[in-house]
Amino acid sequence: MIDGRGWRTGAPVEKREIPMYYLKITAYAEDLLDALGHMSGWPERVRAMQANWIGKSVGVRLGFPYDIGPPGADGTRVLHAFTTRADTLMGVTFCAVAAEHPLAAYAARDNAKLAAFIEECKRGPAIESELATQEKKGVPTGLVVRHPISGAAVPVWVGNYVLMSYGDGAVMGVPAHDERDFEFAKKYHLPIKPVIDVAGREYSSSEWAPWYADHGRCVNSGVYDGLEFQAAVDAIAADLNRLGLGEKQTTWRLRDWGISRQRYWGCPIPVIHCGTCGTVPVPDEQLPVVLPVDLVPDGSGNPLLKDEAFLAVPCPRCGVKARRETDTMDTFVDSSWYFLRFACPDSDKAMVDSRVQYWLPADQYIGGIEHAILHLLYSRFWTRVMRELGLVAFKEPFTNMFTQGMVLNDVFFRKADTGRVEYFNPADVEVTLDATAQRRIAVLRSDGEEVESGGVVTMSKSKNNGVDPQALVDQFGADTARLFTMFAAPPEQTLEWSDEGVQGAYRFIKRLWKAVHDHVTLGAPGLLDKSALSDGQRNIRRQAHQTLAKITDDIGRRRTFNTAIAAAMELLNALAKIPQSSRQISPQDGSVMQEALEIAVLGLSPIIPHVTHALWLALGHRTALIDEPWMPVDAAALQSSSIAMVVQVNGKLRGHITVAAGADEGTVRSAALALPHAQKFIGTSAVRKVIIVPGKLVNIVV
RNA sequence: GCCCUCGUGGCGGAAUCGGUAGACGCAACGGACUUAAAAUCCGUUGAGCGAAAGCUCAUCCCGGUUCGAGUCCGGGCGAGGGCACCA
């Protein structure tokens with residue numbers, strides 16, 4: 001939606017109230033939240049996002065009694081509001097209710113200004129970001145409620161920032177200690193009464209300061225004065241309880257999952273509406289409800305509503321003419337359990353069979369970070385329900401979660417007068433700099449006219465800024481495309497797309513190919529005799545096995561394929577530096593080179609499988625590389641007789657020393673102190689301390 | 001507005017548990033090969049000073065902790081992503 005209109009057609013968008021089907025995910029809120037604490041295979045940020053989404057708030061539900069106005073659902077005249085800051089109760093100077101609240105509707109009956117405001121709120125934004133940035137507005141209802149403790153009269157307002165869907169659709173206004181209430185009170189000249197003292201700081205009602213919302217000690221609060229946050233909440237909750245005007249309550253941010261969609265594309269909701277029997281589920285033997293395949297959408301409304309053959313159905317219970325439900329399901333319903341179905345796709349008697357127990361939960365699940373909340377939370381909920389139905393034996397569907405970063409690209413568009421927006425693929429747009437090189441000018445190639453730039457955002461079909469890797473595959477092959485994308489950045493990181501560098505990936509593969517073939521043309525190598533290696537041969541082996549260790553760790557534990565590739569490139573660079581003439585003076589040279597190349601080829605095989613398959617056979621193997629086990633690192637090859645260490649003076653790099661591998665601290669210390677360059681910086685100062693990080697560095701503190 | 005993530009050369013990025021900042025690659029420049037171009041190979045490439053050795057500065061900004069900070073802490077600025085004003 002852009003400017004109140006649908007981006008695709010430019011049609012104006014309006015809010016309507018319609019009946020919908022919901023799944024009761026809120027009944028699982030506590031368990032979904034608690035389990036997050038044990039899901040060590042999930043990224044911390046995904047767990048944090050889900051926890052915030054579920055949003056458990058522990059607080060107090062307050063009652064403000066009133067005499068004039070309609071009674072609430074429980075028959076009494078009490079305005080209920082939830083707060084996490086019951087300790088500020090004595091600072092209440094007003095109450096605000098949502099536009100949809102019954103008290104608002106009651107007060108609006110003879111108040112045209114209020115009625116108009118309520119209408120305005122209904123037309124207002126429905127999206128959180130727009131709501132959050134809109135100006136806070138309110139209108140007094142003229143109604144008054146009584147403070148539950150002091151009995152003081154508290155005016156009731158309607159506020160556009162109060163949500164009917166959260167808590168009871170009403171808030172207590174404590175402008176002194178809540179930023180939104182503060183802003184509201186300033187605007188409408190409502191009293192501000194500080195009741196919390198934070199470390200003796202000076203409160204000023206002229207301007208908001210963030211610490212006003214901090215916890216502290218109650219003041220100006222009668223019998224509660226001096227109490228700290230928890231003690232105050234406990235005391236106030238206990239008093240409210242005695243008065244029958246409040247109790248402790250836990251409120252959740254999570255709402256039930258609305259699965260209804262008023263469109264053709266989706267699983268039909270298997271329900272039949274009968275004039276006499278009411279809502280009747282479609283009997284098992286009539287399932288599945290199949291969508292008609294001959295519908296032609298006319299661009300307005302749900303086409304199913306216009307298909308009499310689909311709509312008309314006898315009631316399964318009484319047989320009279322009834323009407324089929326036309327709402328279809330949210331596609332998140334399907335994605336909530338497709339992975340369970342994958343384990344038994346041919347099972348035609350049940351959703352899943354016992355095979356699901358063998359294959360699941362999934363050891364490793366990979367998805368975009370954009371699914372961190374909805375899809376992944378719905379799947380966890382769905383799995384719990386299936387467990388209760390005895391269909392699966394586990395609670396969590398995915399043991400380990402990897403969320404890849406999104407790929408961004410430029411967005412280009414034109415906006416028609418009708419509000420319709422047309423997006424152009426960046427491949428069809430030429431970007432140049434203007435004469436002053438200050439501004440980018442984007443021009444559509446096909447007509448030479450300028451297009452607007454919409455920044456760099458996630459690739460998506462709707463923004464038409466995706467890149468089809470097929471073009472890279474066609475030109476350079478699948479391995480180059482894979483190598484290039486995996487080398488660009490670690491996979492969990494956001495990536496701005498650019499074709500620059502694909503040549504480098506292609507070049508590297510050619511160099512690897514050439515290195516193997518140069519080696520192979522020198523003939524079959526002998527068997528490696530580890531006990532008879534020259535220093536040079538030992539160094540090559542050490543580097544090769546260091547590379548193997550790094551690739552193993554990068555691919556296996558760290559999932560940083562870009563650094564694994566870089567390590568393989570470094571190894572190949574080192575091998576290329578060995579002069580051609582000395583490659584195979586002895587059979588040992590050949591066998592050391594053979595081993596190093598095998599490590600490079602095997603290490604890269606998860607990334608460029610096709611090329612490495614061919615190279616592995618070229619290296620003389622009969623078994624396909626994909627059937628080979630991963631190579632173990634030879635710990636002995638990593639051993640070195642000497643170690644290079646860094647020497648610092650006061651934390652600044654001043655030189656290097658080389659010491660024997662097993663050198664003790666005293667030896668290292670005197671070697672570092674003896675370094676002439678270090679001496680220069682020590683000068684005449686006394687050495688206060690020498691810090692030695694074994695195998696790494698010496699820091700001389702003066 | 002709130003939540004999450006992230007700010008490092010001309011560019012993508014590396015630095016894994018607080019220990020040599022800039023690995024690896026791209027681009028650029030110089031050279032070799034070539035009649036020429038492409039391909040390939042070799043070299044240079046954060047900034048400043050210096051003949052050189054080397055020195056100083058430098059990881060968005062301002063502070064702090066530490067022998068030592070890109071990394072940890074506090075505050076700020078900026079970018080991207082998500083969103084249902086969550087009391």
Side-chain angles (χ1 to χ4, degrees), chain A residues 44-46 48-49 51-53 55-57 59 81-85 88 96 98 125-134 136 159-163 165-168 170-174 177-181 183 213 251-255 368-370 372-374 405-406 408 455-458 483-484 487-490 492-505 507-508 510-511 514 550 553-554 557-558 560 562-570 573 576 644-656 677 680 688-693 696-702:
Chain A
E44 193 52 52
R45 66 166 157 161
V46 174
M49 283 163 90
N52 285 337
W53 187 261
K56 182 180 186 176
S57 296
F82 174 77
T83 182
T84 54
R85 292 299 304 270
T88 65
I127 295 166
E128 184 187 347
S129 56
E130 291 177 27
L131 282 164
T133 43
Q134 80 176 349
K136 283 170 191 44
N160 65 353
Y161 66 101
V162 183
L163 288 180
S165 56
Y166 186 77
D168 294 285
V171 298
M172 66 175 201
V174 185
H177 303 290
D178 181 283
E179 188 170 5
R180 278 167 315 186
D181 295 344
E183 204 184 308
T251 301
W252 303 84
R253 187 176 180 274
L254 184 69
R255 299 206 302 249
I369 185 69
E370 73 273 21
I373 294 173
L374 294 181
M406 286 171 287
L408 314 184
V456 181
V457 301
T458 318
L483 181 68
F484 166 63
F487 186 55
E492 76 274 13
Q493 200 168 300
T494 306
L495 177 74
E496 258 183 61
W497 181 262
S498 162
D499 279 343
E500 301 255 314
V502 64
Q503 286 287 352
R507 229 167 0 230
F508 172 70
K510 285 194 290 189
R511 292 211 304 134
K514 187 164 175 297
K550 175 151 180 63
D553 190 43
D554 284 353
R557 177 183 65 90
R558 297 179 68 209
T560 53
N562 58 328
T563 53
I565 294 165
M569 286 174 167
E570 277 184 85
N573 286 347
M645 291 179 78
V646 162
V647 178
Q648 297 178 338
V649 179
N650 285 340
K652 289 202 177 207
L653 176 69
R654 296 303 177 192
H656 300 84
H677 199 63
K680 209 168 101 191
R688 296 212 327 248
K689 209 199 279 189
V690 176
I691 290 156
I692 296 174
V693 181
K696 282 220 155 149
L697 68 76
V698 185
N699 188 15
I700 301 162
V701 185
V702 296

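Throughout, a chain's letter reflects where its sequence line sits, starting with A, and its residues are numbered from 1.
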Measure from the side-chain N and O atoms of A/Thr83 to the backbone N and O of A/Arg85, and report whether any donor-acceptor pair falls under 3.5 Å.
-> yes

Main-chain N/O of A/Arg558 paired with A/Asp553 side-chain donor or acceptor, under 3.5 Å = no

Hey, which of these two, A/Leu697 or A/Asp181, hits RNA chain B nearer its 5' end, going by closest nucleotide?
-> A/Leu697

Using a cut-off of 4.0 Å on non-hydrogen atoms, how would the nucleic acid contact of [X] be classed: base, sugar-phosphate, or nothing?
| X | result |
| --- | --- |
| A/Asn573 | sugar-phosphate |
| A/Ser498 | nothing |
| A/Gly504 | sugar-phosphate |
| A/Trp252 | nothing |
| A/Lys550 | base |

Output one line per pair: protein atom, nucleotide atom from nucleotides 53-56 of chain B, and distance, for all N/O pairs under 3.5 Å.
residue, atom, partner, partner atom, Å
B/G54, O3', A/His677, NE2, 3.3
B/C55, OP1, A/Arg654, NH1, 3.4
B/C55, OP1, A/His677, NE2, 2.6
B/U56, OP1, A/Arg654, NH2, 3.2
B/U56, OP2, A/Arg654, NH1, 3.1

Please name all residues satisfying side-chain hydrogen bond (donor to acceptor under 3.5 Å, both in side chains) with A/Asn52, sequence neighbours left out, ordered by chain then number.
-> none

Distances under 3.5 Å only, N/O to N/O: pair up the protein atoms with those of nucleotides 42-48 of chain B.
none

Integer angstrom distance from the C1' of B/C49 to that of B/U34 = 42 Å

Looking at the angle O4'-C1'-N9-C4 for a purine or O4'-C1'-N1-C2 for a pyrimidine, is B/G63 syn or anti, with syn meaning within 90° of 0?
-> anti

Under-4.0 Å side-chain N/O to phosphate OP1/OP2 contact, A/Thr563 with B/U16 | no

Look for any protein N or O under 3.5 Å of an N or O in nucleotides 3-7 of chain B and output each such pair with its distance, or none.
residue, atom, partner, partner atom, Å
B/C3, O2', A/Asn52, ND2, 2.8

Would you say the side chain of A/Arg255 and the base of B/A84 hold a donor-acceptor pair, judged only by whether the two atoms sit under 3.5 Å apart?
-> yes

Under 3.5 Å, which N/O atoms of the protein pair with N/O atoms of nucleotides 64-74 of chain B?
residue, atom, partner, partner atom, Å
B/C67, O2, A/Asn699, ND2, 2.4

Picking from B/U20, B/U16, B/A87, which would you name as closest to the side chain of A/Leu163?
-> B/A87

Just the table, please: protein N/O against nucleotides 27-32 of chain B N/O, every pair under 3.5 Å.
residue, atom, partner, partner atom, Å
B/A27, OP2, A/Arg507, NH2, 3.3

